[in-house]
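Counting starts at 1 for both ligands and their atoms, following the listed order. Side chains included, hydrogens not; waters and symmetry mates left out as well; all remaining heavy atoms used. By convention here, the first residue in the shown sequence is residue 1.
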Amino acid sequence: MAKGPSFTCTACGAVHRKWAGKCDACGAWNSIVEEAPLTAGPKALGARGKGIVLTDLATQEDPPPRAPSGMDELDRVLGGGLVPASAILVGGDPGIGKSTLLLQAAASFARTGLKCLYISGEEAAAQVRMRAQRLGLRDAPVALGAETNLRDILTTLDAERPALAIIDSIQTMWLDNVESAPGSVSQVRAAAHELVNFAKKRGVAIIIVGHVTKEGNIAGPRVVEHMVDTVLYFEGERGHQFRILRAVKNRFGPADEIGVFEMTGDGLQQVANPSALFLSDRDKPAPGSAVFAGIEGTRPVLTEIQALVAPSPLGTPRRTVVGLDSGRLSTILAVLEARCAIPFAGLDVFLNVAGGMRVNEPAADLAVAAALLSAREDVAIPPEMVLFGEISLSGALRPVSQTENRLKEAAKLGFTQAIAPSRSKLGSAEGMRVRQMPDLTAFVGEIFGAG
Ligand code: TYD
Ligand code: MG
């Protein structure tokens with residue numbers, strides 16, 4: 001049996017004999033917490049529990065009922081609306097607009113007749129009210145509370161029984177039976193656990209707001225993500241007005257769905273046609289720019305990939321990436337060098353997705369390669385052309401999913417040419433001249449002459 005307490009890293013699960021500020025196993029800071037030892041006694045080992053009820057897989061379950069908010073961008077990300085008794089985490093950098101989004105969402109839900117409670121632990125009721133009035137939400141029947149004591153909040157929720165409660169934010173909440181300070185790992189974990197349990201037991205949907213630390217984790221470790229049904233991230237670049245609500249986990253709908261918003265002086269406005277927005281400030285054809293026909297969740301989204309290639313004064317040239325995975329850039333540069341004999345040694349490379357968008361799809365490889373080549377050769381890609389395709393390490397182009405949707409969206413926005421991998425299922429791509437290429441070498445020969 002365990003003697004005394006043990007210490008577990010909440011980031012990687014490693015067990016330590018004593019507490020330390022840094023976990024040796026994964027390098028995380030401040031992630032080690034004390035775990036209570038197993039209890040000895042009649043219930044410990046060998047004691048029999050009662051049998052559980054087993055069912056089969058054939059029993060038909062109704063799809064969960066959903067309450068749409070009326071904000072289409074939010075409803076799509078939720079998978080069609082709010083599922084009763086579900087727990088949702090909305091994470092994002094401080095100041096990105098989470099409170100604004102959720103206050104607008106609360107008002108929108110309340111106006112559909114749903115009973116809504118908004119509890120702010122960060123701002124006084126007067127502050128929230130002022131913001132609501134500025135956003136034109138004065139008449140929305142949202143019940144407002146300013147409190148950080150979770151026991152009081154749960155008691156209130158139990159008495160009020162709203163359909164939806166919004167807790168802003170989990171880092172300000174504290175339980176009186178946990179000794180550490182609000183915002184610490186144990187408080188956040190315990191508070192989230194109480195809220196999720198409450199949601200399930202009392203049938204109240206709960207949206208929990210969480211600030212993300214610099215490393216991209218919510219409250220240090222990702223403990224809260226495992227507990228909730230749905231995890232949404234609200235992201236955007238500072239200095240850009242676009243904000244993207246992205247589902248990274250959803251037990252009741254597709255993950256990777258996005259909703260696009262624009263932060264204005266009157267709060268967040270929904271953006272129904274993100275492609276037009278992301279391409280709106282494209283200038284005249286310039287070297288280093290390529291338009292990628294991508295898919296975000298269930299929706300096609302066109303984005304502009306920009307590259308700048310310049311001789312480097314440094315021994316190790318710079319590789320700067322915004323909005324894309326830097327590992328992916330290294331791979332594409334290596335493939336261009338090894339398979340097409342186009343070296344980037346001695347050249348600084350800057351790569352950027354315009355508009356503050358983040359692209360995670362491997363299908364963006366071809367557009368990235370095109371932007372890089374275009375910048376290096378100083379040859380502009382035709383402005384009416386979109387590209388998509390995954391590049392394999394051999395330099396071959398691999399077909400990607402939903403080719404037809406990508407082409408349709410491009411045609412809708414006035415594009416007339418596309419480069420796609422061979423064997424893509426084109427479907428009916430009306431108005432588009434699609435050229436299919438087997439590999440990167442063929443692409444380089446076609447667009448940039450012999451390379
Ligand atoms: P907020 O919702 O408080 O962010 P979070 O809860 O994620 O910390 O958003 C704050 C920012 O949004 C602040 O910098 C001001 C800006 N903002 C607007 O531009 N327009 C608005 O109508 C509102 C309410 C906020
Ligand atoms: Mg806030």
Side-chain angles (χ1 to χ4, degrees), residues 69-71 73-74 77-78 88-111 116-140 142-150 153 164-174 182-183 187-188 191-192 195 206-220 222 224-225 228 230-248 258-271 277 355-356 358:
S69 66
M71 285 168 81
E73 294 295 304
L74 173 64
V77 176
L78 287 173
I88 298 160
L89 175 70
V90 176
D93 287 320
I96 204 74
K98 300 181 294 299
S99 302
T100 310
L101 173 74
L102 291 172
L103 193 58
Q104 288 183 253
S108 202
F109 275 118
R111 283 178 177 151
C116 269
L117 234 77
Y118 183 98
I119 310 281
S120 177
E122 304 201 329
E123 290 159 299
Q127 267 176 301
V128 181
R129 217 176 294 124
M130 262 162 54
R131 178 191 303 219
Q133 288 170 8
R134 200 151 67 77
L135 297 172
L137 309 174
R138 175 200 295 266
D139 58 343
V142 177
L144 179 64
E147 184 52 65
T148 56
N149 182 332
L150 201 61
I153 292 173
L164 168 66
I166 294 170
I167 307 291
D168 186 4
S169 66
I170 190 72
Q171 276 93 358
T172 56
M173 296 296 146
W174 59 281
Q187 277 289 5
V188 166
L195 285 165
I206 296 191
I207 300 183
I208 302 172
V209 176
H211 293 294
V212 174
T213 60
K214 277 209 193 66
E215 298 79 41
N217 295 340
I218 290 176
R222 310 189 91 107
V224 182
E225 288 194 11
V228 295
T230 302
V231 178
L232 309 179
Y233 273 96
F234 203 41
E235 45 188 49
E237 296 287 330
R238 261 166 225 272
H240 282 289
Q241 68 271 41
F242 314 129
R243 298 283 181 271
I244 290 160
L245 185 66
R246 188 187 293 276
V248 295
I258 65 165
V260 184
F261 297 87
E262 191 177 355
M263 182 61 99
T264 69
D266 313 320
L268 291 157
Q269 306 289 335
Q270 305 187 59
V271 176
L277 184 89
R358 221 196 131 71

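Remark: Glu147 CD to Ile167 CD1 distance equals 10.5 Å, nearest 0.5 Å. To the nearest 0.5 Å, atoms CD1 (Ile208) and CD (Gln171) are separated by 10.5 Å.
Residues Thr264 and Gln241 have side chains not in contact (no heavy-atom distance under 4.5 Å, counting atoms from C-beta outward). Residues Ile96 and Glu235 are not in side-chain contact: their nearest non-hydrogen atoms beyond the backbone lie 4.5 Å or more apart. Side-chain contact between Glu122 and Gln127 is absent, with no heavy-atom pair separated by less than 4.5 Å. Residues Phe261 and Val271 form no side-chain contact, since every pair of their non-hydrogen atoms from C-beta on lies 4.5 Å or further apart. Taking 4.5 Å as the limit, every side-chain heavy atom of Val142 sits out of range of all side-chain heavy atoms of Ile166. Residues Ile244 and Arg358 fail the side-chain proximity criterion, which asks for heavy atoms closer than 4.5 Å.
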Pairs under 3.5 angstrom, nitrogen or oxygen on both sides, ligand 1 versus protein: list them out, please.
from	atom 1	to	atom 2	distance (Å)
ligand 1	2 (O)	Ser99	N	3.2
ligand 1	2 (O)	Thr100	N	2.8
ligand 1	2 (O)	Thr100	OG1	2.6
ligand 1	2 (O)	Arg131	NH1	3.1
ligand 1	3 (O)	Arg131	NH1	3.2
ligand 1	3 (O)	Arg131	NH2	3.2
ligand 1	4 (O)	Gly97	N	3.1
ligand 1	6 (O)	Ser99	N	2.9
ligand 1	6 (O)	Ser99	OG	2.6
ligand 1	7 (O)	Ile96	N	3.4
ligand 1	7 (O)	Gly97	N	3.0
ligand 1	7 (O)	Lys98	N	2.8
ligand 1	7 (O)	Lys98	NZ	2.8
ligand 1	8 (O)	Gly95	N	2.7
ligand 1	20 (N)	Thr264	O	2.8
ligand 1	22 (O)	Gly265	O	3.2
ligand 1	22 (O)	Gly267	N	2.7

Inset, instruction - Please assess Trp174 against Asn149 for the test side-chain contact (heavy atoms from CB on, under 4.5 Å), listing each intermediate value before the final yes or no. - result: CA-CA 6 Å; Trp174 59 281; Asn149 182 332; 3.9 Å; yes

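Each protein N, O or S atom less than 2.8 Å from the Mg ion (ligand 2) was counted, giving 1.
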